[in-house]
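Computed from a predicted model, the values in this text were never measured in an experiment. Naming: A, B, ... by sequence-line order, numbering from 1 per chain.
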Amino acid sequence: MNNSSHDHDFILRLEGVTHFFDQRLVFKNVNLVVEPGSILLVAGPNGAGKTTLMNIMSGLIPPSAGMVEHRASRDKYAFLGHHTFIYNGLSALDNLRFWSGIYGLRLTEHEHLQLLDMVGLKAFAHEKAGNFSRGMSQRLSLARVLMLKPVLFLLDEPATGLDPASRDLLREVISAGAGDGAAIVWVSHTLKEDLDMADRVLLLEGKKQAFYGLARDYRNQLYGTSLEH
Amino acid sequence: MGPLLNIRFLCLTHKDLKLILADGSGIVQPVLLGLILVFVFSLSTPIGDEVSAQAAASVFWLATCFALVLVFNTLYSIEETNQARTGLLLSPMPLQHVWLSKAVTGLILLLLAQFFFFPAIIVFLGQELMTGWWTFLGTVLLVDWGLVAVGSLLGALSQGHAARESLLSVVIFPLLVPLLLAGIRMGAHFFGGADDGHLSAWAGIAFAFGSVFTGAAIILFPFVYNEY
């Protein structure tokens, strides 16, 4: 386990985080630090508690025990997960207008269209989001996330159901975000593909933090074995 | 906080009205149900017999109550599609804005439904308005305020869990009894012109009901809606 993080320079820190659903232990004693400009890959088998951990990190649920420390205001967190938060009855543009309003952003129509252009949806700006494919919906959700200019991206298997082009776009956005100094926490089911992008890896297995450290150490540890979890 | 309240509040209200009025399904159902109720009740009296003003007022508020349940179920179920509710929970917006926005949107939709119920009461139940329009409108708004304050709070409570979906209709009707009594007694005055001398007391009950549940909702709503 590598705990060489600079504790003074972090966006999110978890210390001794333990969580139960009723009497069932999900995981215990998770400790991690998320630094600006870094990518933390969260891996583990189904039911290991990855999504629960993301919900705790985002503040949606409190942990049963332990401490979660945020060093950024709530409007600078962006969450992208299985669910897109999209209103099917609104157009792509109206969806962005709505979420920018909720976050108190005063964006012009041109800025909204620029965001849609970034995710390849400008041509569909006035089309109802309910007509979109899974990939297009997730791209729209990505535009919503980018609009917030977040300092912390919480990505819970965002690539699920996406076509290769959308997955590439997502990876570009993640790399660009980290390059701009944002911290990324990324739950991935395609660890083999995504490990190269990560700085650190957290492996949840057996109801505990089975590994937390540098991605290269994790790669070395798994050398010659399957990287799929 | 002030300007942001306006932006966020307006965003939510604008979005909900746009979604509901665009396909009409969220408002057509409550209006039709209310109109059917008025029509069926009109068949309960023999031809030529008069329906009392109090009975007419009761039918008006009963139709409004059914519309209330349908409107708030629709308003909160909007946020369950694609888990937009989670997006609202993650946003920096105080959750009371959600309650307020849904209450205002619900009030607009309820008034729209009542716009159809009122002429139906006049035509099918043989009533006429015996007082001024502004007094009548003021009274309807006073009772509606209490209705939407409770509807917006309980609407949130009933969402997100399948087992709770029937909760809104089970809990809301007993809770609304004092407000409905006030609405019916005041309605009887407006339709029949009779004044039992307690109108201001009934108005006071409606005002107190609205105030208490507005206060309760502002305190309780974040706990109710934040359950994840």
Side-chain angles (χ1 to χ4, degrees), chain A residues 19 21 51-52 54-63 70 72-91 93-107 128-130 132 134 136-138 140-141 144-145 147-148 150 152-154 156 161, chain B residues 1-28 74-102 104-105 109 159-161 222-228:
Chain A
H19 197 72
F21 280 130
T51 297
T52 304
M54 292 298 268
N55 288 339
I56 288 171
M57 287 183 185
S58 68
L60 272 175
I61 54 173
H70 294 106
S73 61
R74 200 172 169 87
D75 59 343
K76 287 296 171 191
Y77 293 0
F79 190 95
L80 183 64
H82 311 272
H83 300 293
T84 54
F85 308 164
I86 282 170
Y87 295 98
N88 292 336
L90 296 181
S91 69
L93 188 59
D94 282 342
N95 266 287
L96 281 192
R97 279 187 189 135
F98 170 73
W99 286 110
S100 63
I102 290 298
Y103 275 80
L105 305 171
R106 292 173 184 270
L107 300 186
K128 274 190 178 177
F132 286 2
R134 164 76 188 158
M136 291 167 82
S137 296
Q138 197 67 332
L140 179 55
S141 198
R144 171 185 59 79
V145 160
M147 178 175 69
L148 307 178
L152 176 63
F153 288 79
L154 296 168
D156 187 6
Chain B
M1 179 79 178
L4 283 183
L5 170 75
N6 297 335
I7 292 170
R8 287 163 178 167
F9 165 75
L10 287 176
C11 279
L12 274 162
T13 302
H14 178 253
K15 179 264 295 175
D16 285 340
L17 283 175
K18 195 166 187 173
L19 283 170
I20 285 182
L21 297 178
D23 63 0
S25 60
I27 188 64
V28 168
T74 305
L75 279 174
Y76 279 99
S77 64
I78 286 172
E79 310 300 344
E80 298 304 312
T81 312
N82 297 324
Q83 283 288 316
R85 183 167 73 104
T86 307
L88 294 177
L89 293 176
L90 288 167
S91 76
M93 175 181 65
L95 287 179
Q96 285 91 345
H97 290 207
V98 178
W99 171 81
L100 181 63
S101 165
K102 298 286 181 188
V104 170
T105 312
L109 295 173
Q159 292 300 319
H161 299 270
F223 299 101
V224 169
Y225 204 57
N226 205 18
E227 193 181 334
Y228 189 74

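Using a 4.5 Å heavy-atom cutoff, the side chains of W99(A) and L88(B) are in contact. Side-chain contact between T86(B) and H83(A) is absent, with no heavy atoms from C-beta onward closer than 4.5 Å.
Note that the CG atom of D94(A) and the NE2 atom of H14(B) stand 7.0 Å from one another [nearest 0.5 Å].
Between N88(A) and N82(B), the shortest heavy-atom contact is OD1-ND2, 3.1 Å. Residues G101(A) and C11(B) come closest through the heavy atom pair CA-SG, 3.4 Å. Nearest approach of I102(A) to M93(B), heavy atoms of both residues: CD1-SD, 3.8 Å. Residues L89(B) and R74(A) approach most closely at O-NH2, 2.7 Å, considering heavy atoms. A pairwise comparison of heavy atoms in P92(B) and Y103(A) identifies CD-CE2, 3.3 Å as the closest pair.
N95(A) does not touch chain B: none of its heavy atoms, backbone or side chain, sits under 4.5 Å away.
For F98(A), the ring pair (Phe, Tyr, Trp, His ring centres under 6.0 Å) partners are Y87(A), not counting sequence neighbours.
Remark: K76(A) NZ is packed, more than 12 non-hydrogen atoms of other residues, nucleotides or ligands lying under 6.0 Å away.
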